Amino acid sequence: MIRDSRKAAAQLLSWYDRHRRDLPWRAKPGETADPYRVWLSEIMLQQTTVPAVAPYFRSFTERWPTVADLAAAPLDDLLVAWAGLGYYARARNLHKCARVVADGHGGRFPETEAELLALPGVGAYTAAAISAIAFDRKATVVDGNVERVIARIFAVEEPLPAAKTTLRRLAATLTPDGRPGDYAQAMMDLGATVCTPRKPRCMLCPWADLCDARAAGIAEELPRKVAKAEKPTRRGVAYWLLNPDGAVLLRRRAEEGLLGGMAEIPSTGWGPQAPDAAAVAAQAPLPAVWKRLPGLVRHTFTHFHLELEVVAAVAGDGWRQADGRWIPIDRLGDQALPTVMVKVVRHALAHA
DNA sequence: TATACGTGGCT
DNA sequence: TAGCCAAGTAT
């Protein structure tokens with residue numbers, strides 16, 4: 001039970017001062033935060049773990065040290081650099097947002113949540129995080145970590161996502177006036193390192209004494225969540241096509257939707273049933289003698305499983321007619337290939 | 001409110 | 001192994 005929210009915030013900040021983590025995007029004590037780096041890291045960290053983000057953050061900031069540099073870059077350069085990190089709409093919105101900030105805000109990020117919220121790719125969480133961390137303005141930052149911490153200390157039994165409104169309201173009651181940036185990061189660090197989804201380290205928690213869920217012995221059960229729908233399986237056939245020079249045919253996916261704007265090995269549509277021989281011939285990028293490679297490429301997206309067969313062929317005289325770009329095999333690493341397509345390439349190289 | 005949108009690590 | 005989960009946003 002929280003009897004004194006100011007005391008609770010002070011306890012958390014004290015814990016943070018003693019356990020502050022050194023992360024690539026985090027200003028050291030006494031340093032001034034760089035809004036560009038805060039923004040970039042927050043976009044990358046959306047639904048993505050710290051270890052996955054770290055190398056991407058380093059390469060982006062080395063190559064594009066300012067938001068103006070990022071705004072001046074071609075979108076395709078960002079997509080290549082983002083390849084493998086996932087949720088590619090983030091990269092497209094990153095580029096849009098950089099241009100809005102560079103062209104519409106004189107190269108400076110706005111400081112208020114309302115203005116930040118208007119930027120592409122910036123939602124409620126990210127707007128609050130940037131305002132608090134980059135500008136030290138009071139804001140209630142609510143991400144998955146904060147939802148979990150709040151659900152536990154107040155023993156909120158209502159399942160997510162319905163509980164979101166309640167959790168946000170409760171979180172706001174604890175937000176202190178002082179040190180907004182440190183407090184926001186402290187809440188998230190507490191969730192990431194102590195108040196973890198499984199096996200929470202309550203013995204190390206600065207809020208153990210006031211945690212209702214711990215008192216009730218249900219900390220690990222919270223927050224409750226409604227069961228997720230089962231993932232369907234979709235199936236298709238990918239075409240590994242070489243030209244007489246040994247280059248591979250790649251295509252650019254549609255700008256919107258799944259893997260929007262990214263490169264791909266051409267394939268049939270992905271449906272519940274694997275396409276039959278007639279469909280494989282009909283959807284092929286060129287008429288050719290297609291040889292089925294052994295095995296399957298399996299990949300799981302957020303909302304479905306994918307199973308791809310791979311067929312291979314060498315294009316004949318009409319190879320220039322194919323829709324797409326011919327890429328030498330040793331240049332595939334420079335393309336904006338999402339992980340599922342990297343798997344297809346590896347599979348083809350291993351079996352063709 | 002519900003759904004689309006990636007990936008890799010952990011259990 | 002199969003499922004869960006991570007600093008969410010857009011529609």
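Just so you know, these numbers come straight off a predicted model, no measurement behind them. So that the names make sense, note that chain A is the first sequence line, chain B the second, and so on, each numbered from 1.
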Notebook entry, point to check: Does atom CD of A:Gln273 have more than 12 heavy-atom neighbours, drawn from other residues, nucleotides or ligands, at distances under 6.0 Å?
Noted result: no
- Give A:Val50 one of three labels, base, sugar-phosphate or nothing, depending on what nucleic acid heavy atoms sit under 4.0 Å from its own. base
Joining Ile, Leu, Val, Met, Phe, Trp and Tyr whenever any side-chain heavy atoms lie under 4.5 Å apart, the cluster holding A:Val280 also takes in A:Val237, A:Tyr239, A:Leu241, A:Leu249, A:Leu286, A:Trp290, A:Val311, A:Trp319, A:Trp326
Whole-Å distance, A:Lys225 NZ to C:dC4 P, equals 10 Å
Rounded to whole Å, OH of A:Tyr88 lies from C1' of B:dG6 at a distance of 6 Å
With the side chain defined as heavy atoms from C-beta on, A:Arg198 is closest, among C:dT9, C:dC4, B:dT7, to C:dC4
Nearest-nucleotide check on DNA chain C, A:Gly121 vs A:Glu42; residue mapping nearer the 5' end is A:Glu42
A:Phe301 has its side chain closest, among C:dG3, B:dT7, C:dC5, to B:dT7
Discussion item. Please classify the nucleic acid contact of A:Pro338 as base, sugar-phosphate, or nothing, using heavy-atom distances under 4.0 Å.
Written reply: sugar-phosphate
note: A:Asp143, atom CG; C:dT9, atom P; distance rounded to Å ~ 10 Å
Query raised in the report: Which part of the nucleic acid, if any, lies within reach of A:Val141 when heavy atoms closer than 4.0 Å are counted: base, sugar-phosphate only, or nothing?
Result: nothing
Picking from B:dT7, C:dG8, C:dC5, the nucleotide nearest the side-chain atoms of A:Gln46 would be C:dG8
Testing B:dC5, B:dT7, C:dC5 for proximity to the side chain of A:Val340, the answer is B:dT7
Donor on one side chain, acceptor on other, A:Arg325 and A:Gln335, under 3.5 Å | yes
Between A:Lys231 and A:Thr302, is there a donor-acceptor pair closer than 3.5 Å when you use the side chain of the first and the backbone of the second?
yes
A:Gln47 atom CD is separated from C:dG8 atom P, nearest whole Å, by 5 Å
Note to self: Counting the atoms with a prime plus P, OP1 and OP2 as sugar-phosphate, which does A:Arg92 contact under 4.0 Å by heavy atoms, base, sugar-phosphate, or nothing?
What the structure shows: nothing
Here the distance between atom C1' of B:dC5 and atom CZ of A:Arg90, to the nearest Å, is 10 Å
Margin query: At 4.0 Å (heavy atoms only), tell me whether A:Thr339 reaches a base, stays on the sugar-phosphate, or touches nothing.
Written below: sugar-phosphate
### Query
When you check the phosphate oxygens OP1 and OP2 of B:dG6, does a side-chain N or O of A:His299 lie under 4.0 Å from one of them?
no
- Query: NA contact type, A:Arg21, heavy-atom cut-off 4.0 Å: base, sugar-phosphate, or nothing?
  - Reply: base
Heavy-atom nearest nucleotide on DNA chain B taken for A:Arg234 and for A:Thr165; more 5' hit belongs to A:Thr165
Exercise for the section: Considering only atom P, compute the distance from B:dG6 to C:dT11 and round it to an integer number of Å. Expected result: 14 Å
What is the nucleic acid contact for A:Pro51, judged by heavy atoms within less than 4.0 Å: base, sugar-phosphate only, or nothing? nothing
| query | In terms of ring plane angle, is the pair A:Phe301 and A:Phe304 parallel, tilted or perpendicular, where the classes change at 30° and 60°? | reply | tilted
**A:Arg320 atom CZ, over 12 foreign heavy atoms within 6.0 Å** = no
So does A:Glu62 have more than 12 non-hydrogen atoms from other groups sitting under 6.0 Å from CD?
-> no
Classify A:Ala162 by what it touches in the nucleic acid, base, sugar-phosphate, or nothing, heavy-atom distance under 4.0 Å.
nothing
Side-chain heavy atoms of A:Val146 within contact of A:Leu190, under 4.5 Å | no
| request: With heavy atoms under 4.0 Å as the rule, sort A:Gly191 into base, sugar-phosphate or nothing. | output: nothing
When rounded to whole Å, the CZ to P distance for the pair A:Phe304 and C:dG3 reads 16 Å
(request) Measure from NZ or CZ of A:Arg253 to the centre of the six-membered ring of A:Trp270 and say whether it is under 6.0 Å with the direction within 45° of the ring axis. (result) yes
Note: contacts of residues 256-273 of chain A with DNA chain B (heavy atom, under 4.0 Å) are A:Gly257, A:Leu258, A:Leu259
Per nearest nucleotide of DNA chain C, the residue lying toward the 5' end, A:Leu117 or A:Ile133, is A:Ile133
Atom CG of A:Leu45 and atom C1' of C:dC5 are separated, to the nearest Å, by 15 Å
Using a cut-off of 4.0 Å on non-hydrogen atoms, how would the nucleic acid contact of A:Thr126 be classed: base, sugar-phosphate, or nothing?
-> sugar-phosphate
From OH of A:Tyr56 across to P of B:dG8 the rounded distance in Å is 7 Å
Side-chain atoms of A:His303 come closest, of B:dG8, B:dA4, C:dC5, to B:dA4
Handout entry: Touch class at under 4.0 angstrom, heavy-atom based, for A:Trp82 against every strand present
Key = nothing
